[in-house]
Every structure is written in structure tokens, then in C-alpha cells.
Amino acid sequence: DRAAGRPVPDRYEYRARLRDGSLAWMDCSVSMVPWDGGPACLVAVVDISARKEAQLRLEQSEALLQQVIDAIPHRLFVKDADSRYLLVNRAFAEVAGIPAAQLRGLHTACQAADGGEGFVRTVKAPLRDAEGRVWGLVGISEDITAQRRIEAEALRNQERLIDAIESAPAAMLYCDAQHRVELWNSKVLEFFPPALGELRHGMAFEDLLRLVAPRVVAGEANPAGWVR
């Protein structure tokens with residue numbers, strides 16, 4: 001076919017069985033040369049088994065690495081010194097709405113595929129070569145939108161509780177399960193002047209009672225005993 005001028009590959013790889021019965025990868029290149037007044041094929045065959053085995057090990061290593069990072073629920077990415085994506089995991093690609101293979105080589109930071117907004121916490125670390133030179137970075141981004149929403153709702157609830165306590169007509173204190181003072185209204189300080197300047201967040205309720213006991217238990221010979 002080649003001598004007849006038909007299009008055929010000039011180079012290809014194939015597996016051949018050697019004399020000892022083993023199989024080896026061969027790289028075959030063919031070119032047309034003049035010979036004895038006519039065309040002839042010049043064929044060069046090289047054993048590339050070692051290169052193929054190294055390539056197979058590299059592909060297996062890359063596949064294992066991809067499986068490991070895809071198992072990470074947070075968005076992971078690796079960039080080179082020019083800020084181009086070299087590697088991303090499945091979580092990153094899903095949020096971006098772009099296949100991981102198509103993200104490689106891009107510079108643009110990706111936003112959520114649904115166009116939504118949220119909060120993300122990102123941690124980055126430099127990647128260095130054997131000489132210590134920085135050649136890129138690895139980063140992990142965690143979606144903390146739900147956490148921020150919970151925190152915001154907790155803050156709103158606390159503000160409503162503070163408003164309710166402050167609007168109460170009497171002195172009010174709010175303590176946690178360990179009997180530590182968490183919230184109080186201004187009437188507490190009006191009713192217990194000794195607490196002014198001493199009352200603080202996290203103060204033990206028993207310590208507060210020791211401050212105000214002399215006023216509450218007027219004439220009591222042993223206020224500390226009343227506290228207990």
C-alpha cells in the first residue's frame with residue numbers, strides 16, 4: 001500500500017512476541033527511500049516496553065490520585081505559577097458546572113454553576129520543587145453558607161432574647177446549664193447596685209449572689225450561708 005502511494009501511517013506502535021515467548025511493545029517508523037532504481041521502505045523498530053510500563057505506572061498513579069481527591073467533599077484545586085488550573089476534584093468541577101478536564105489550563109476563577117451566592121472558606125499552601133522554588137499552589141475551599149446562615153439566625157434569636165429581657169418590668173437574669181450568667185437587663189444593676197462593675201458574661205451565679213446577698217438578706221448574720 002505504501003509503495004502504491006496509498007495513505008498509511010508513517011509510525012505506529014504494536015505488541016510483538018519475542019523469541020522467549022514474552023510480549024514487548026514496539027515502535028515502528030516507516031519512510032520511503034529510493035533503492036536500486038525504485039522505491040523501498042526503510043523500517044526502524046525500537047523496543048519501547050520500558051517506556052510503556054513507565055507510562056502505565058504514571059497513568060495508574062494519576063488515576064489513584066484523582067480517586068483520592070474526588071473522595072474529598074470540599075473543593076480542591078492545584079494551580080501553577082501562572083495561576084492556571086492543573087488539577088481539580090469532582091466537587092470543584094460540579095460547583096463550576098464544567099468537566100474537570102476542561103478546567104485544566106484555565107485562569108478564570110469559577111463561580112457556582114447555578115449562579116447563586118454563598119460563603120466559602122479557602123485554605124491555600126505553596127507547592128515547591130526539590131530546590132525549594134514555588135511552582136504552584138494547592139487550595140481547598142469549603143462551602144460555609146449553611147453555617148453562616150445558622151450563625152446569623154442564632155444572632156437574630158439572641159437579639160430578640162436581649163430585647164425581651166430588657167423590656168421586662170423586673171430584674172431578669174439568664175443563666176446557662178452550668179449556672180453561668182449569660183444575659184441580664186439594666187434593672188438588675190438598678191436593683192443590685194453592688195453588681196455594678198462586677199457583673200460580667202460567664203460569671204457564676206453563686207458569685208453574683210455573694211455580691212448582692214448583703215442587700216437582699218438585710219440583717220442576715222451570715223450572708224454566705226444564705227447563698228449556699
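Heads up: numbering here begins at 1 and tracks the sequence.
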Original post:
If you round to the nearest 0.5 Å, how far is CD1 of Ile165 from OG of Ser186?
Top reply: 11.5 Å
Original post:
Same hydrophobic cluster for Val120 and Phe92, using side-chain heavy-atom links shorter than 4.5 Å among ILVMFWY?
Top reply: no
Subject >> Spatial distance of atom CZ (Arg180) from atom SG (Cys175) [nearest 0.5 Å] >> reply: 10.5 Å
Original post:
Charged N to carboxylate O below 4.0 Å: is that the case for Arg148 and Glu142?
Top reply: no
Original post:
Less than 4.5 Å apart, any side-chain heavy atom of Asn89 and any of Asp70?
Top reply: yes
Original post:
Would one find more than 12 heavy atoms of other residues, nucleotides or ligands at under 6.0 Å from atom CZ of Arg200?
Top reply: no
**OP:** Could you list who else is in Val46's hydrophobic cluster, with ILVMFWY side chains joined at under 4.5 Å, directly or through other members?
**Re:** Trp25, Ile48
**OP:** Locate the shortest heavy-atom distance separating Asn185 from Met172; write the atom from each residue and the value.
**Re:** OD1-N, 3.1 Å
Original post:
By the rule that ILVMFWY residues connect when side-chain heavy atoms come within less than 4.5 angstrom, directly or transitively, which residues belong alongside Trp135?
Top reply: Leu65, Ile69, Ile72, Leu76, Val78, Leu86, Leu87, Leu127, Val138, Ile140
Subject >> His179 side chain reached by Leu208 side chain, heavy atoms, under 4.5 Å >> reply: no
Subject >> Where His201 and Trp184 come nearest, the two heavy atoms and their spacing >> reply: N-CH2, 3.7 Å
Original post:
Below 4.5 Å, heavy atoms only, C-beta onward: do Phe77 and Leu103 meet side chain to side chain?
Top reply: no
Subject >> Residues Asp163, Arg160: salt bridge by 4.0 Å N-O rule >> reply: no
Original post:
Which atom pair, heavy atoms only, marks the closest approach of Ala91 to Pro73?
Top reply: CB-O, 3.6 Å
Subject >> Side chain to side chain, Lys79 and Lys124, heavy atoms closer than 4.5 Å >> reply: no
Subject >> Pro99 to Ala93 - nearest heavy-atom pair and separation >> reply: C-CB, 4.4 Å
Subject >> From Gln158 atom CD to Leu183 atom CG, the distance as rounded to the nearest 0.5 Å >> reply: 6.0 Å
Original post:
Are any non-hydrogen side-chain atoms of Arg104 and Tyr85 less than 4.5 angstrom apart?
Top reply: no
Subject >> Lys187 with Glu190: basic N within carboxylate O range, under 4.0 Å >> reply: no
**OP:** State, yes or no, whether a side-chain contact exists between Leu137 and Pro126 at a heavy-atom distance under 4.5 Å.
**Re:** no
Original post:
With the threshold set at 4.0 Å, does a side-chain nitrogen-carboxylate oxygen contact exist between Glu206 and Arg210?
Top reply: yes
Subject >> Val88/Arg75 under side-chain contact (heavy atoms from CB on, under 4.5 Å): CA gap, chis, key distance, verdict >> reply: CA-CA 8 Å; Val88 301; Arg75 310 167 201 174; over 6 Å; no
Original post:
Do the side chains of Leu42 and Met32 get nearer than 4.5 Å, heavy atoms only?
Top reply: no
Subject >> Heavy-atom pair of closest approach, residues Ala16 and Tyr14 >> reply: CB-CE1, 3.7 Å
**OP:** Nearest 0.5 Å please: distance from the NZ atom of Lys52 over to the CE atom of Met26.
**Re:** 13.0 Å
**OP:** Can you measure from OG (Ser49) to CZ (Arg15) and round to the nearest 0.5 angstrom?
**Re:** 8.0 Å
Original post:
Got a donor-acceptor contact below 3.5 angstrom from the Ser141 side chain to the Arg121 backbone?
Top reply: no
**OP:** With side chain to side chain donor-acceptor pair (under 3.5 Å) as the test, would you mind laying out the steps for Gln147 and Glu151 before giving the verdict?
**Re:** CA-CA 6 Å; Gln147 175 185 333; Glu151 292 172 352; 3.1 Å; yes
Original post:
Side chain of Asp82, backbone of Arg84: donor and acceptor closer than 3.5 Å?
Top reply: no
Original post:
Given Glu153 and Arg156, is the salt bridge (Lys or Arg N to Asp or Glu O under 4.0 Å) satisfied, shown in steps?
Top reply: CA-CA 5 Å; Glu153 182 61 26; Arg156 286 192 292 269; 2.6 Å; yes
Subject >> Point-to-point distance, once rounded to the nearest 0.5 Å, from CG of Leu18 to CG of Leu23 >> reply: 7.5 Å
**OP:** Could you verify whether a donor N or O on one side chain and an acceptor N or O on the other, from Gln55 and Glu59, lie under 3.5 Å apart?
**Re:** yes
